[in-house]
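First listed ligand is number 1; within each ligand, the first listed atom is number 1.
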Amino acid sequence: MAKIIVVTSGKGGVGKTTSAAAIATGLALRGNKTIVIDFDVGLRNLDLIMGCERRVVYDLVNVIQGEATLNQAMIRDKRTENLFILPASQTRDKDALTPEGVEQVLNNLKDEFDYIICDSPAGIERGAQLAMYYADEAIVVTNPEVSSVRDSDRILGLLGSKTRLAEQGKEQVKEHLLITRYNPHRVDHGDMLNLNDITEILSIKLLGLIPESEAVLRASNQGVPVTHDDDSDAGQAYADTVSRLLGEDVPLRFHEAQKKSFLSRMFGGRR
Ligand SMILES: Nc1ncnc2c1ncn2[C@@H]1O[C@H](COP(=O)(O)OP(=O)(O)OP(=O)(O)O)[C@@H](O)[C@H]1O
Ligand SMILES: [Mg+2]
């Protein structure tokens, strides 16, 4: 039975789609059959990050409205075995998704997959609520700035009240914090919130910390999730994040500014 994990944030542009693609890729690379679903109807992006935009024929809305089967709409990733993408529609509006339709799609996928990753649209309205409604777990993506942390706090409120698990009153959606675009130098200068401030305000368990990295931009331009770039800081940070999601105890990296050594200060970093 698949675990359904929503990648959500409240605030827009914090790295949800980047993270959904990178984490889904990491889970598949570790041998888990994984599908990543784009819930951002009207503004689809996931297909670009996954590098399969030319292969999109049908989408989630087509499946919900009975115009295509799931097998017709799912795209098999070319690089990673066990990885599939279900794209969003670019043309329809957000109301094309219905709770019943989403439930049916998820039910049909649950037996076949180990993980279903839902890439949420920004905001706290209907689209975001639908993306989180059936989730077992949530990855709350937060940037080290006040507005992002505040919106994540609102999302945590919704996860605790407006999800199926919350309504059934049995158990809570398991919440994970993922801090992205972390720049330790700017944190040290006081331009950004530090790790401890964020975890203290939100008081949920830290799943991972992804540094601000040029590798992310490069990866998205190439349509290759950054997890494949295992020489890069962001690629390694996402791999660590996936290991923790799988229950492993992995120490945190990339949260401290690299201090330049005496020699590199003297010789301009050539040593
Ligand atoms: N760790 C990072 N380092 C540098 N840039 C990043 C990082 N993570 C994300 N970005 C950049 O931030 C921008 C927004 O990322 P992304 O599209 O993943 O956010 P999103 O939360 O899905 O946005 P939306 O709310 O619009 O769906 C992109 O240009 C992406 O390349
Ligand atoms: Mg997005």
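A donor and an acceptor atom, one from each side chain of Asp233 and Ser213, are located under 3.5 Å apart. Between the side chains of Ser243 and Arg30, at least one donor N or O lies within less than 3.5 Å of an accepting N or O. Between the side chains of His176 and Thr241, no donor-acceptor pair of N or O atoms lies under 3.5 Å. Side-chain atoms of Asp40 and Ser120 form no donor-acceptor pair, as typed in the model, at a separation below 3.5 Å.
The nearest N, O or S atom of Thr17 is closer to the Mg ion (ligand 2) than 2.8 Å.
For atom 4 (C) of ligand 1, the choice among Ser213, Gly15, Ala22 with the nearest heavy atom turns out to be Ser213. In the candidate list Glu212, Arg181, Glu214, Arg181 is nearest to atom 12 (O) of ligand 1, counting heavy atoms.
Of the protein's non-hydrogen atoms, Lys16 NZ, 2.7 Å is the one closest to atom 25 (O) of ligand 1. Residue, atom and distance of the protein heavy atom nearest to atom 30 (C) of ligand 1 are Thr18 OG1, 4.1 Å. Closest protein heavy atom to atom 31 (O) of ligand 1: Val216 CG1, 3.7 Å. From the protein, the heavy atom lying nearest to atom 17 (O) of ligand 1 is Thr17 CB, 4.1 Å.
Counting heavy atoms under 4.0 Å from ligand 1, residue Asp40 touches it through the side chain alone. The proximity of Thr180 to ligand 1, defined as any non-hydrogen pair under 4.0 Å, does not occur for either the backbone or the side chain. Under 4.0 angstrom from ligand 1, the non-hydrogen atoms of Pro211 all belong to its backbone.
Ligand 1 has Gly13 within reach: a non-hydrogen atom of the residue lies less than 4.0 Å from it. Not a single heavy atom of Ala234 lies less than 4.0 angstrom from ligand 1.
Between Thr34 and Asn82, the closest side-chain pair of non-hydrogen atoms is not below 4.5 Å. Side-chain contact between Arg244 and Leu252 is present, with heavy atoms from C-beta onward closer than 4.5 Å.
By the 3.5 Å distance cut-off applied to N or O atoms, Val14 is counted among the residues near ligand 1.
In this structure, atom 21 (O) of ligand 1 has a protein heavy-atom contact shorter than 4.0 Å. Atom 28 (C) of ligand 1 is never approached by the protein to below 4.0 angstrom, counting heavy atoms only.
Geometrically, Lys3 does not engage Tyr115 in a cation-pi contact, judged by NZ or CZ lying under 6.0 Å from the ring centre and within 45° of the ring axis.
Between the side chain of Arg253 and the main chain of Ala237, no donor-acceptor pair closer than 3.5 Å is present. A donor-acceptor pair is defined here as one N or O able to donate and one able to accept, closer than 3.5 Å; no such pair exists between the side chain of Gln90 and the backbone of Gly42.
Comment: Glu103 engages Arg164 in a salt bridge, judged by a side-chain N to carboxylate O separation of less than 4.0 angstrom.
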